[in-house]
Amino acid sequence: MGPLTELNSSRVLEGVHGVHVVPHAPFALEEIPQCGDHDQLKSGSYSTGQLFTQRLWQQTPLCLRPIHCSISGDVNAAETVANVITSLPFIALGIHTPRKNLNCKLYANSLIGVGVASSLYHSSRGRIRKYLRWVDYTMIATATVCLSRALRNENPKVLMAASALCLPFQPLMVSVVHTGMMEVAFARRALENPQLRPAHNVHKVASLLSGVLFAADDMFPTTPFIHAAWHLAAAFGVGSCNKLLE
């Protein structure tokens with residue numbers, strides 16, 4: 001095939017919608033998506049393995065993907081100080097949590113870990129910030145697992161093993177499962193014991209408020225002090241759970 005033939009072939013391919021021939025690079029392709037919503041591939045040489053991995057990742061449901069850590073927030077010194085200060089109540093709650101058995105001790109220490117991890121994350125900057133965010137999420141999930149274990153010694157071993165396996169990759173999903181178990185246990189005990197009903201009422205209000213603030217923080221990430229308010233609401237909800245361990 002001569003130069004003239006190659007030129008004619010290139011012109012024919014240029015007319016095909018979605019194809020762009022890069023001159024002097026027979027093995028480098030640039031894909032132009034037909035819809036603006038699709039991710040544009042960078043020009044360069046892609047191996048078969050890289051393309052397969054990318055397509056597999058795009059087809060994987062969000063609930064099965066490893067955690068994607070959001071590192072927004074702390075846009076100024078005032079917000080950073082507020083987020084760090086509102087992380088400290090979790091340390092105080094961990095110190096004052098009843099430690100009547102091993103499971104309660106593990107839960108109390110995990111609460112201290114939540115406060116420390118949150119403080120370190122919010123005061124961090126640079127590349128380490130995303131790793132500390134992962135530590136923050138993982139410590140929260142660990143605390144929920146420890147709490148459900150402290151409330152119910154008869155938790156299925158399969159569930160606990162699955163939670164431990166998913167903890168590094170899906171801490172949010174683990175948190176949801178074990179928080180739901182805690183809510184059921186709290187409501188059941190409040191029905192059986194009238195003395196727990198005031199604490200349960202506080203817990204319900206705090207949980208509802210923290211859920212709203214958590215969603216607002218995700219929807220409006222640039223709004224200042226929403227995350228700090230979520231810290232406080234979550235701390236009130238966690239503090240009310242300590243009544244179950246007394």
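Please read all numbers here as calculations on a predicted model, not as lab measurements.
Distance CZ/R127 to CG/L132: 13.0 Å, rounded to 0.5 Å. A distance of 11.0 Å separates SG of C146 from CG of L151, quoted to the nearest 0.5 Å. Atom CD of E183 and atom OG of S207 lie 4.5 Å apart (nearest 0.5 Å). Separation of atoms CG (L244) and SG (C104) is listed at 10.5 Å; rounding is to 0.5 Å. With rounding to the nearest 0.5 angstrom, the CG atom of L106 is 12.0 Å from the OG1 atom of T97. How far CG of L147 is from OG1 of T142: 12.5 Å, rounded to the nearest 0.5 Å.
Residue V84 is not grouped with residue V238 when hydrophobic side chains (ILVMFWY) are merged at heavy-atom distances under 4.5 angstrom, including chains of intermediate members. Under the 4.5 Å side-chain heavy-atom criterion for grouping Ile, Leu, Val, Met, Phe, Trp and Tyr, I95 is connected to L120 within one hydrophobic cluster. Hydrophobic clustering of Ile, Leu, Val, Met, Phe, Trp and Tyr side chains at less than 4.5 Å, counting indirect connections, keeps M139 apart from L232. Neither I112 nor F236 shares a network with the other; the hydrophobic side chains, linked directly or stepwise wherever heavy atoms of I, L, V, M, F, W or Y lie under 4.5 Å apart, form separate groups for each.
In this structure, V145 and M160 have side chains that are in contact, with non-hydrogen atoms separated by less than 4.5 Å. Using a 4.5 Å heavy-atom threshold, the side chains of L159 and V177 count as touching. Counting only heavy atoms from C-beta outward, the side chains of V176 and T179 never approach each other to under 4.5 Å. A heavy-atom distance below 4.5 Å is not found between the side chains of M182 and S148. Using a 4.5 Å cut-off on side-chain heavy atoms (C-beta onward), V135 and Y131 make no contact. With a 4.5 Å cut-off on side-chain heavy atoms, S119 and L88 count as touching. Put simply, the side chain of T222 does not reach to within 4.5 Å of the side chain of V75, judged on heavy atoms.
A cation-pi arrangement, defined by a distance under 6.0 Å to the six-membered ring centre and an angle within 45 degrees of its axis, is absent between R149 and Y107.
Scanning all heavy atoms of the two residues, the minimum distance from S210 to A234 falls at CB-N, 4.0 Å. Nearest approach of A150 to L245, heavy atoms of both residues: CB-CD2, 4.0 Å. The shortest heavy-atom contact between V174 and C166 is CG2-CB, 3.9 Å. Across every non-hydrogen atom of L93 and A235, the tightest pair is CD1-O, 3.4 Å. Between Q195 and P198, the shortest heavy-atom contact is O-CD, 3.5 Å. When all heavy atoms of H231 and S87 are compared, the closest pair comes out as CE1-OG, 3.3 Å.
Judged by distance alone, the side chains of T80 and R125 do bring a donor and an acceptor atom under 3.5 Å apart. At a cut-off of 3.5 Å, with distance as the only test, no side-chain donor of H178 or T144 sits close to an acceptor on the other residue. Between the side chains of H227 and D217, a donor-acceptor pair is found at a separation under 3.5 Å.
Remark: I128 CD1 is loosely packed, at most 12 non-hydrogen atoms of other residues, nucleotides or ligands lying under 6.0 Å away. At most 12 non-hydrogen atoms from other residues, nucleotides or ligands lie less than 6.0 angstrom from CZ of R188.
Checked by atom type and distance alone, the side chain of R197 pairs as donor or acceptor with a backbone atom of A190 at under 3.5 Å. Judged by distance alone, with hydrogens and angles left aside, the side-chain atoms of K243 form no donor-acceptor pair with the main-chain N or O of L196 at under 3.5 Å. Here the side chain of R133 pairs no donor or acceptor atom with the backbone of Y121 at under 3.5 angstrom. N83 contributes a side-chain N or O that, together with a main-chain N or O of A228, makes up a donor-acceptor pair within less than 3.5 Å.
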For this session: Carefully, step by step, assess V81 and I85 under the rule side chain to side chain contact (heavy atoms under 4.5 Å, CB included).
Result: CA-CA 6 Å; V81 171; I85 291 177; 3.6 Å; yes

For this session: Apply side chain to side chain contact (heavy atoms under 4.5 Å, CB included) to the pair I91 and L111, showing each step before the final yes or no.
Result: CA-CA 6 Å; I91 299 177; L111 282 182; over 6 Å; no

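Aromatic ring orientation, W230 versus F214: tilted (interplanar angle from 30° to 60°). Using cut-offs of 30° and 60° for the angle between ring planes, the F186 and H203 rings count as tilted.
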